[in-house]
Amino acid sequence: MTNPIVIAVDGTAASGKGTLARRLAHHFGFAHLDSGSLYRLVALDLLRSGRNPADEPNAAAAAREIDPADALRHDLRASEIAEAASIVAAFPRVRAALLDYQRAFAARPPGGAAGVLIDGRDIGTVVCPSADAKLFIDARPQVRAHRRWRELLDAGQVASEDAILADICARDARDRDRAVAPLVPAPDAILLETSELNIDAAFAAALALVQPRIEEALKTRRRG
């Protein structure tokens, strides 16, 4: 297929967008990219080398040096990495350094996949504004904090739900208030509120919203 199908999934921190993105990609047989993992790789490189994530020149240099093949590392999920990633993601030079990789992934899916699904904060607005289908996932902050707390508890980690809520609110503010590529739904994105949905119900809802747009995109490409 000359032009891959592109699904953009954006949303707030801990809204479940990553899990939904993986399940949708698997359902359609599409390649999947968690764009947040790229920013976490930048954060990991800075923290391990003793550099300050709040220093934009350092962060931009690290963004140019990362290997996207490391994006599946398990240590990227640590809370300190997520916090630092939220900081570096606000820097225009970091976002610019990672933009080309994300667009190349969408244009040339790995393994010759017929489509791609990229999840993040600005996929539908900046990275892939012409995506065939766009979802914006959200849930109430208290619900997101409780979900994250349960994940940590199940993983054997002790955490304060209040502290998690405060962190999520701070990340929301950074994501929405940054000057470049702020977290906002694309005008043509479909909004999915998951506060009252478990993961299976959220997936069913997301699939029902996306499927018609994917079918229409496929028909258009066949006619072309």
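Hydrogens, waters and symmetry mates are skipped; everything else that's a heavy atom, side chains included, is used.
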Side chain to side chain contact (heavy atoms under 4.5 Å, CB included) assessment of Arg222 paired with Lys219:
CA-CA 5 Å; Arg222 292 190 190 107; Lys219 289 178 183 177; 4.3 Å; yes
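- A donor-acceptor distance shorter than 3.5 angstrom exists from the side chain of Asp55 to the backbone of Asn58, with no hydrogens or angles considered.
- Taking Ala71 as the reference, Ser37, Leu41 meet the side chain to side chain contact (heavy atoms under 4.5 Å, CB included) condition, with sequence neighbours excluded.
- With a 4.5 Å cut-off on side-chain heavy atoms, Arg144 and Ile168 count as touching.
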Check the pair Asp34, Arg40 against salt bridge (charged side-chain N to carboxylate O under 4.0 Å, His left out), reporting the backbone distance first and the verdict last.
CA-CA 10 Å; Asp34 169 11; Arg40 286 190 286 271; 2.6 Å; yes
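- The minimum heavy-atom distance between Ala139 and Ser195, with the atom names listed, is CA-OG, 3.3 Å.
- Between Ile190 and Lys134, the closest side-chain pair of non-hydrogen atoms is not below 4.5 Å.
- By the 4.5 Å heavy-atom criterion applied to side chains, Ile7 and Ile214 are counted as neighbours.
- Hydrophobic clustering (side-chain heavy atoms under 4.5 Å, transitive across Ile, Leu, Val, Met, Phe, Trp, Tyr) keeps Trp149 apart from Val143.
- Scanning both residues, Pro53 and Val88, for their nearest heavy atoms gives O-CG1, 3.4 Å.
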Set out, in order, the CA-CA distance, both residues' side-chain angles and the distance that settles salt bridge (charged side-chain N to carboxylate O under 4.0 Å, His left out) for Arg174 and Asp177, then state yes or no.
CA-CA 5 Å; Arg174 278 198 298 268; Asp177 296 342; over 6 Å; no
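- The closest side-chain heavy-atom distance from Asp138 to Leu191 is not below 4.5 Å.
- Residue pairs meeting the ring-ring contact (aromatic ring centres under 6.0 Å, His included) criterion with at least one partner in residues 99-140, sequence neighbours excluded, are absent.
- A salt bridge does not link Asp45 to Arg64: none of the charged nitrogens lies less than 4.0 Å from a carboxylate oxygen.
- Val116 and Ala106 make their closest contact through CG2-CA, 3.7 Å (heavy atoms, listed as atom of the first residue, atom of the second, distance).
- Connection of Val127 to Leu183 is not established within any shared hydrophobic cluster, with ILVMFWY side chains joined at heavy-atom distances below 4.5 Å, either directly or through further cluster members.
- His32 and Ala21 make their closest contact through NE2-CB, 3.6 Å (heavy atoms, listed as atom of the first residue, atom of the second, distance).
- Contact between Asp172 and Ala13 at its shortest, heavy atoms only, is OD1-N, 4.1 Å.
- Once rounded to the nearest 0.5 Å, the distance linking CG of Asn52 with CD1 of Ile87 reads 8.0 Å.
- With hydrophobic clusters built from ILVMFWY side chains whose heavy atoms lie under 4.5 angstrom apart, Leu209 does not share a cluster with Val6.
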Run the salt bridge (charged side-chain N to carboxylate O under 4.0 Å, His left out) check on Glu151 and Arg148 step by step: do they pass?
CA-CA 5 Å; Glu151 288 176 0; Arg148 181 60 55 82; 3.4 Å; yes
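- Atom CD of Glu83 and atom CG of Asp167 lie 5.0 Å apart (nearest 0.5 Å).
- Residues Ile164 and Leu152 have side chains in contact (heavy-atom distance under 4.5 Å, counting atoms from C-beta outward).
- For the atom pair Leu192 CG and Ser15 OG, the distance stands at 9.0 Å (nearest 0.5 Å).
- Summarising the geometry, atom OH belonging to Tyr39 is positioned 14.5 Å from atom CG belonging to Leu76; distances are rounded to the nearest 0.5 Å.
- The 12-atom threshold is not exceeded at NE2 of His26, counting heavy atoms of other residues, nucleotides or ligands nearer than 6.0 Å.
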Let's go through Leu20 and Val9 carefully: what are the C-alpha distance in whole Å and the side-chain angles of both, what is the deciding distance for side chain to side chain contact (heavy atoms under 4.5 Å, CB included) to 0.1 Å, and is it a yes or a no?
CA-CA 9 Å; Leu20 286 176; Val9 178; 5.6 Å; no
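- Contact between Ala89 and Arg95 at its shortest, heavy atoms only, is O-NH1, 2.7 Å.
- Although no hydrogens or angles enter the test, the distance criterion places no donor-acceptor pair under 3.5 Å between the side chain of Glu193 and the main chain of Ile137.
- Proximity of Phe28 to Val210: side-chain heavy atoms (C-beta onward) are separated by under 4.5 Å at one or more points.
- Between the side chains of Thr194 and Arg147, at least one donor-acceptor pair of N or O atoms lies under 3.5 Å.
- By the 4.5 Å heavy-atom criterion applied to side chains, Arg221 and Ile5 are counted as neighbours.
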Test side chain to side chain contact (heavy atoms under 4.5 Å, CB included) on Asp119 and Ile123 and set out the steps.
CA-CA 7 Å; Asp119 69 271; Ile123 310 305; 5.7 Å; no
Verdict with reasoning, Leu24 to Leu135, per side chain to side chain contact (heavy atoms under 4.5 Å, CB included)
CA-CA 11 Å; Leu24 286 169; Leu135 281 176; 4.0 Å; yes
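- A distance of 10.5 Å separates CD of Gln142 from CG of Asp162, quoted to the nearest 0.5 Å.
- Tracing side-chain contacts under 4.5 Å through hydrophobic residues (I, L, V, M, F, W, Y), one never reaches Phe30 starting from Ile118; they form parts of separate clusters.
- Taking 4.5 Å as the limit, some side-chain heavy atom of Leu165 sits within range of a side-chain heavy atom of Pro141.
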Evaluate salt bridge (charged side-chain N to carboxylate O under 4.0 Å, His left out) for Asp175 paired with Arg121, printing each intermediate quantity in order.
CA-CA 8 Å; Asp175 289 340; Arg121 302 288 199 277; 2.8 Å; yes
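- How far OG1 of Thr19 is from CD1 of Ile199: 5.0 Å, rounded to the nearest 0.5 Å.
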